[in-house]
2 protein chains.
Amino acid sequence: MINLSYETFNQDFNTLIGDEWSCLFDLNHQKLNLKNRNIATKKFKLIIETVFKLSNEKGFQAMTMRDLSQESGISMGGLYKYFSNKTQIVEMIHAAMVHMAATCLHLNDEHSEDPIFELNELLARHIYISERLKKWFYFVFMEAKCLERPLVETIIASEQAMEDAILKRIVKAKQQNFCQCTNPDFVAAMLKVMLQEWYLKSWKYIQKDINADQYVANLLLSVYQLLGVKS
Amino acid sequence: MINLSYETFNQDFNTLIGDEWSCLFDLNHQKLNLKNRNIATKKFKLIIETVFKLSNEKGFQAMTMRDLSQESGISMGGLYKYFSNKTQIVEMIHAAMVHMAATCLHLNDEHSEDPIFELNELLARHIYISERLKKWFYFVFMEAKCLERPLVETIIASEQAMEDAILKRIVKAKQQNFCQCTNPDFVAAMLKVMLQEWYLKSWKYIQKDINADQYVANLLLSVYQLLGVKS
DNA sequence: AACAAAAGCGAGCAAATGTTCGCTTTTCTT
DNA sequence: AAGAAAAGCGAACATTTGCTCGCTTTTGTT
């Protein structure tokens, strides 16, 4: 029913974007006066992964610059070559994530005739990108409050956009008599929340030994059950 | 199919527990040397509601004691009569919430023969308690990281317990041939996450004018669809 | 090898933050 | 009404925290 797998998605991601850290470099090296791409991407990797680790342990606000310095092994002064202040760390992470997600997740791609197929593909793509950028999604979700108001609203809006995109496909499927769904809004909310579940509770699925492809399979099965898809 | 409503639940809550603020008083007045119940419950209400408000705006960590003082209109010294340090605020809120939830949510009540009915009741009860204690649930979910490790693990464990309780009823229903469910784990995760959705995204449902009872109705409909309940 | 530019360092500064304590005001009992 | 106890106050203190800047080390080019 769907011709995607995490394997192939991940290859696409690699060719399309490369890796997360050079993306960070590309988006920020100008204003930070970073010249050596090789050094800088390595440092970005080290710093941001440490930020993820410490934020995960006690939250971004509670993480001090001294914590970050000690844990990453980079001095205070050294750190500030890679961002100009603490809140900019969150902004950088958010901006890079949005950039990467937008590059490979095409909400408006509707080249199929079958709205159910479109829905499946939308869901699968989102699971795959959040699998690849698991820690980024988790971080942005948990620490969004550190951002400025307008940016927070951007995040809420893009969440809503995903739910709307799901809803749109369900309604379309219903109109075209592909399914019988009496509560499209609720089903859309349910599916969107299960997209978040994948990166918010990833430890649970690692523990259960369920990978992204298996999760997608479960999710698509639920789509059929919830929508009452006619075979 | 289910004889519960938020109306009746709320009445039970009031007779069983009274109100949130006197609960806070009862649990803490000894160690804080608070004598006047009347004054103290009013202050607790004022302080904790302000904590909810400020935490909601920028997070508990980012909220300073001066913010809390200014917004509540209580002096710094005055505040410290109602808790002994900042982290104790989170602990107090958490402890009171657990106490209230445990008092009126009985995970082990299985007096019915019908496991589907039991499942419905479990879900409805949880929606209702999280409706009543909406801000408490939201706060604890968002600020759990401020707590000590063992307490955080308590929270994770109780979340897992809810999912397990749901799963148990699904499996039971399947064994007794009430339904045909091929992915009980996934369905259990889905239902639990929709319980959280109610208090994490409450603004969405206020906006859509969907109340707790309507949400429960939607949820129970999904149970039927996901489990393939035989009529 | 020499030199300039980039990267890295960490003690030190200013501001912010949690908490205290001596004092005043309110409350309640007798 | 008087007095004692509880509640409330806010300036002051010690610590923490984000951040800078003069300096050293590393890197890459000629």
Side-chain angles (χ1 to χ4, degrees), chain A residues 21-22 24-25 28-48 50-51 54-55 57-93 143 146-148, chain B residues 21-22 24-25 28-48 50-51 54-55 57-93 143 146-148:
Chain A
W21 321 110
S22 48
L24 267 176
F25 176 82
N28 297 286
H29 73 108
Q30 285 171 352
K31 58 185 164 197
L32 290 171
N33 277 323
L34 296 170
K35 300 294 153 68
N36 190 320
R37 188 189 178 91
N38 222 338
I39 293 178
T41 52
K42 276 179 195 156
K43 293 285 174 177
F44 268 130
K45 179 171 154 70
L46 178 57
I47 292 170
I48 300 301
T50 309
V51 169
L54 294 175
S55 300
E57 281 168 18
K58 48 181 179 174
F60 180 77
Q61 284 275 354
M63 175 197 80
T64 71
M65 299 311 285
R66 283 167 182 78
D67 290 337
L68 184 55
S69 168
Q70 196 162 9
E71 189 75 22
S72 66
I74 302 172
S75 68
M76 297 294 294
L79 283 176
Y80 275 83
K81 294 273 155 97
Y82 293 92
F83 45 80
S84 35
N85 55 60
K86 194 185 174 188
T87 63
Q88 212 206 1
I89 300 176
V90 192
E91 290 166 6
M92 273 172 42
I93 293 175
E143 314 294 351
C146 299
L147 294 166
E148 302 291 321
Chain B
W21 320 111
S22 49
L24 267 176
F25 176 83
N28 297 288
H29 74 107
Q30 285 172 352
K31 56 184 163 195
L32 291 170
N33 276 325
L34 296 170
K35 299 296 153 66
N36 190 321
R37 188 189 178 93
N38 223 336
I39 292 177
T41 52
K42 277 179 194 158
K43 293 283 173 179
F44 268 130
K45 179 172 156 68
L46 178 60
I47 292 171
I48 300 301
T50 308
V51 169
L54 294 175
S55 299
E57 280 168 18
K58 48 181 180 174
F60 180 77
Q61 285 274 356
M63 175 196 81
T64 71
M65 300 311 284
R66 283 167 184 77
D67 290 337
L68 184 55
S69 169
Q70 196 162 11
E71 188 75 23
S72 67
I74 302 170
S75 68
M76 298 294 293
L79 284 176
Y80 275 82
K81 294 274 155 95
Y82 293 92
F83 46 81
S84 35
N85 55 60
K86 194 185 173 187
T87 63
Q88 210 206 0
I89 300 176
V90 192
E91 291 166 6
M92 271 173 42
I93 292 174
E143 313 295 350
C146 299
L147 294 165
E148 301 290 323

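Residue numbers begin at 1 in each chain, while the letters A, B, ... track the order of the sequences. Here the structure is a predicted model, which means the values were calculated and not measured.
Residues of residues 28-42 of chain A that place a heavy atom closer than 4.0 Å to DNA chain D, in numerical order, are N36(A).
Rounded to whole angstrom, the span from the CD atom of Q70(A) across to the P atom of dG8(C) amounts to 19 Å. Atom P of nucleotide dA11(D) and atom CE of M65(B) are separated by 17 Å, given to the nearest angstrom. The distance between atom CG of D67(A) and atom P of dT16(D), rounded to the nearest whole Å, is 12 Å.
Of all nucleotides listed (dT17(C), dG12(C), dG8(D)), dG8(D) comes nearest to the side chain of K81(B).
Taking the centre of each ring, F44(B) and F25(B) stay at or above the 6.0 Å mark.
Contact annotation: K43(A) reaches the phosphate of dG8(C) (side-chain N/O to OP1 or OP2, under 4.0 Å). A sub-4.0 Å separation between OP1 or OP2 of dG18(C) and a side-chain N or O of K86(B) is present.
With I47(A) as the fixed residue, the side chain to side chain contact (heavy atoms under 4.5 Å, CB included) test singles out one of L24(A), I89(A), L79(A): L79(A).
Summarising the geometry, atom CD1 belonging to I74(A) is positioned 13.0 Å from atom OH belonging to Y80(A); distances are rounded to the nearest 0.5 Å. With rounding to the nearest 0.5 Å, the separation of CG in L46(A) from CH2 in W21(A) is 9.5 Å. Note: M65(B) CE to S75(B) OG = 11.0 Å, rounded to the nearest 0.5 Å.
I74(B) comes within contact range of the sugar-phosphate backbone alone, with a heavy-atom separation under 4.0 Å but no base atom that close.
Both M76(B) and F83(A) sit near DNA chain D, but only M76(B) has its closest nucleotide nearer the 5' end. A residue-by-residue look at G77(A) and Y80(B) shows that G77(A) has its nearest nucleotide of DNA chain C further toward the 5' end.
Among pairs with a residue in residues 32-43 of chain B, those fulfilling side-chain hydrogen bond (donor to acceptor under 3.5 Å, both in side chains) read D26(B)-R37(B), at least two apart in sequence or across chains.
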